[in-house]
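Along the sequence shown, residues are numbered consecutively beginning with 1. Only a predicted model underlies this, so the values are computations on that prediction, with no experimental measurement involved.
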Amino acid sequence: MYSCIMLPSKYVQGRAVLPLIGEFLVRLGKRALLLRGKTTASIVDTAITAGLQEQGIELAKVDFGGECSEDEITRVAEIARAEAADIIIGAGGGKVIDVVKSVGYPADLAVVMVPTIAATDAPTSSVVVLYTAAGVFAGVRFYGKNPDLVLVDVETIARAPVRYLVAGMGDALSTWFEADTARRAHRPNTSGGLATQAALKWARLCYETLLADGLAARRAVEKGVVTPAVERIVEANILLSGIGAESGGLAAAHSVHNGLTVLPETAHYYHGEKVAFGTLTQLVLEGRRTDEMREVAEFCLSVGLPLTLGELGVTNLSPENLMPAAELACAPGEIIHNEPFPVTPQMVYEAMLAADALGKEWSAQRKG
Ligand SMILES: [Zn+2]
């Protein structure tokens, strides 16, 4: 077994970097298709349009249909072909970005990510999460390629609602624990190899950055401003979490997220919000020490991430309601089987209940 790390070709992050997009794209192609998400403000659209025009790159635009589903991928791929695009740009959130990967990689287009929120690590990774048209988790696809350019304008991200940044911290919260578990179990990451030292270090740095800067970044973005803490959290949410998850390894936390998507009550909660609860569930499942779990819980409470099933809309904790989620979390091929011991749906159900009980107790203590 070998070690392997996968990285985007170029990652650019800073204030006012959007107008520079043309300079970065000029060597990548001549005709671009821009997929615009619902969170793409006109200011982003205008900056991309002007930046490409400056360099003589043709630009066509299409609005995102709302879900990263097979139908949406086929629709956008047809438009890319009709436009003879050699570059595809995704401006928006994680689902826009996943459609852009699914269209761009098979057609060998240059793939460019312009995240407008920092709610997931999707912009950095090669992995695509597919959903049904109704938004239920439908599987994961691996392309074995990472974006040619990830262009992160922190001012755009700081202007977006703070809940996105916090959800991104939830996605980043699992990174170290999943990578560390995969390492201990000698399980390959999604690149097919074992974790390099670099990926593990970055996964650990991701967690340490959350603890150090999470609350300060939240407060700054509530005011719509960029501070060094915001810059470090954006890097943790998008870059460190992406590399840590893809080239470190995954385990129970993301499988618990995948399972929770089967419960319609959780539909309005973001990926990272469910992953945060999945992280606590993973720690319970692994029999971690209370102080380790408490550190994670205190972080969630400080930045406002859900710690209980009730905070994800799930109030019916009966086995009839929760077992389908536990079963989906343990489906064949799920990453939960990267845990260094056999995991059953019953174990996941019990870990979710126990995590929920701890979450309730720690929330109550904090309020009291
Ligand atoms: Zn994730």
Donor-acceptor pair, distance only, cut-off 3.5 Å: does the side chain of [X] make one with the backbone of [Y]?
| X | Y | value |
| --- | --- | --- |
| Ser241 | Thr175 | no |
| Gln55 | Gly22 | no |
| Glu246 | Ser126 | yes |
| Asp148 | Ala110 | no |
| Asn258 | Ala329 | no |
| His337 | Cys330 | yes |
| Thr124 | Gly242 | no |
| Lys30 | Asp86 | no |
| Ser174 | Asp171 | yes |
| Thr266 | Leu260 | yes |

So, do [X] and [Y] sit near enough that their side-chain heavy atoms are less than 4.5 Å apart?
| X | Y | value |
| --- | --- | --- |
| Leu149 | Ser9 | no |
| Ser125 | Val128 | no |
| Pro106 | Tyr143 | yes |
| Asn146 | Leu7 | no |
| Asp291 | Glu295 | no |
| Leu353 | Leu322 | yes |
| Leu130 | Ile73 | yes |
| Ile87 | Leu33 | no |

Could you check whether [X] pairs with [Y] (Lys NZ or Arg NE/NH1/NH2 to Asp/Glu carboxylate O, under 4.0 Å)?
| X | Y | result |
| --- | --- | --- |
| Arg36 | Asp63 | yes |
| Glu72 | Lys95 | no |
| Arg187 | Glu339 | no |

Item to check | Distance-only side-chain donor-acceptor flag, Ser69 / Asp71, under 3.5 Å | outcome: no
Item to check | Residue pair Glu265 / Asn321, side-chain donor-acceptor N/O under 3.5 Å | outcome: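 Their side chains do contain a donor-acceptor pair, which is all the 3.5 Å distance test asks for.
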Item to check | For Met113, the option from Ile89, Leu151, Val100 that meets side chain to side chain contact (heavy atoms under 4.5 Å, CB included) | outcome: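 Running side chain to side chain contact (heavy atoms under 4.5 Å, CB included) over Ile89, Leu151, Val100 with Met113 returns exactly one hit, Val100.
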Checklist entry - For Leu283, which of Thr290, Leu358, Val296 qualifies under side chain to side chain contact (heavy atoms under 4.5 Å, CB included)? => result Val296
Evaluate whether atom [atom1] of [X] has more than 12 neighbouring non-hydrogen atoms of other residues, nucleotides or ligands under 6.0 angstrom away.
| X | atom1 | answer |
| --- | --- | --- |
| Gln197 | CD | no |
| Lys201 | NZ | no |
| Gln53 | CD | no |
| Ile43 | CD1 | no |

Treat each ILVMFWY residue as a node, draw an edge where side-chain heavy atoms are under 4.5 Å apart, and state whether [X] and [Y] are in one component.
| X | Y | value |
| --- | --- | --- |
| Val162 | Val226 | yes |
| Ile243 | Tyr11 | yes |
| Val275 | Tyr269 | no |
| Leu285 | Met293 | no |
| Val44 | Val112 | yes |

Checklist entry - So Asp180 and Leu200, side chain to side chain contact (heavy atoms under 4.5 Å, CB included) or not? Walk me through it. => result CA-CA 7 Å; Asp180 188 45; Leu200 290 168; 5.8 Å; no
Item to check | Option passing side chain to side chain donor-acceptor pair (under 3.5 Å) with Thr181 (candidates Arg184, Glu178, Arg183) | outcome: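 Passing option: Arg184.
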Checklist entry - Run the salt bridge (charged side-chain N to carboxylate O under 4.0 Å, His left out) check on Arg218 and Asp213 step by step: do they pass? => result CA-CA 9 Å; Arg218 181 192 166 113; Asp213 295 316; over 6 Å; no
Checklist entry - Is the Phe177-Tyr207 ring centre distance short of 6.0 angstrom? => result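 That pair passes the under 6.0 Å test.
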Item to check | Phe277 vs Glu311, side chain to side chain contact (heavy atoms under 4.5 Å, CB included): CA-CA, chis, key distance, verdict | outcome: CA-CA 9 Å; Phe277 181 75; Glu311 287 169 328; over 6 Å; no
Item to check | Minimum heavy-atom distance Cys68-Val129, with the two atoms named | outcome: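 Heavy-atom minimum between the residues: SG-O, 3.7 Å.
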Next on the checklist: side chain to side chain contact (heavy atoms under 4.5 Å, CB included), that's the test. Do Ile5 and Trp202 meet it? Break it down for me.
Outcome noted: CA-CA 12 Å; Ile5 187 164; Trp202 289 341; 4.0 Å; yes
Checklist entry - How far apart are the C-alpha atoms of Glu235 and Arg232, what are their side-chain angles, what is the distance that settles it, and do they pass the salt bridge (charged side-chain N to carboxylate O under 4.0 Å, His left out) test? => result CA-CA 5 Å; Glu235 185 184 331; Arg232 289 193 291 265; over 6 Å; no
Checklist entry - When you look at Asp45 and Lys61, which way does the salt bridge (charged side-chain N to carboxylate O under 4.0 Å, His left out) test go after all the steps? => result CA-CA 9 Å; Asp45 195 328; Lys61 300 175 186 180; 2.6 Å; yes
Checklist entry - Can you list the steps and then say if Arg141 with Glu70 is a salt bridge (charged side-chain N to carboxylate O under 4.0 Å, His left out)? => result CA-CA 11 Å; Arg141 201 172 272 171; Glu70 293 288 3; 2.6 Å; yes
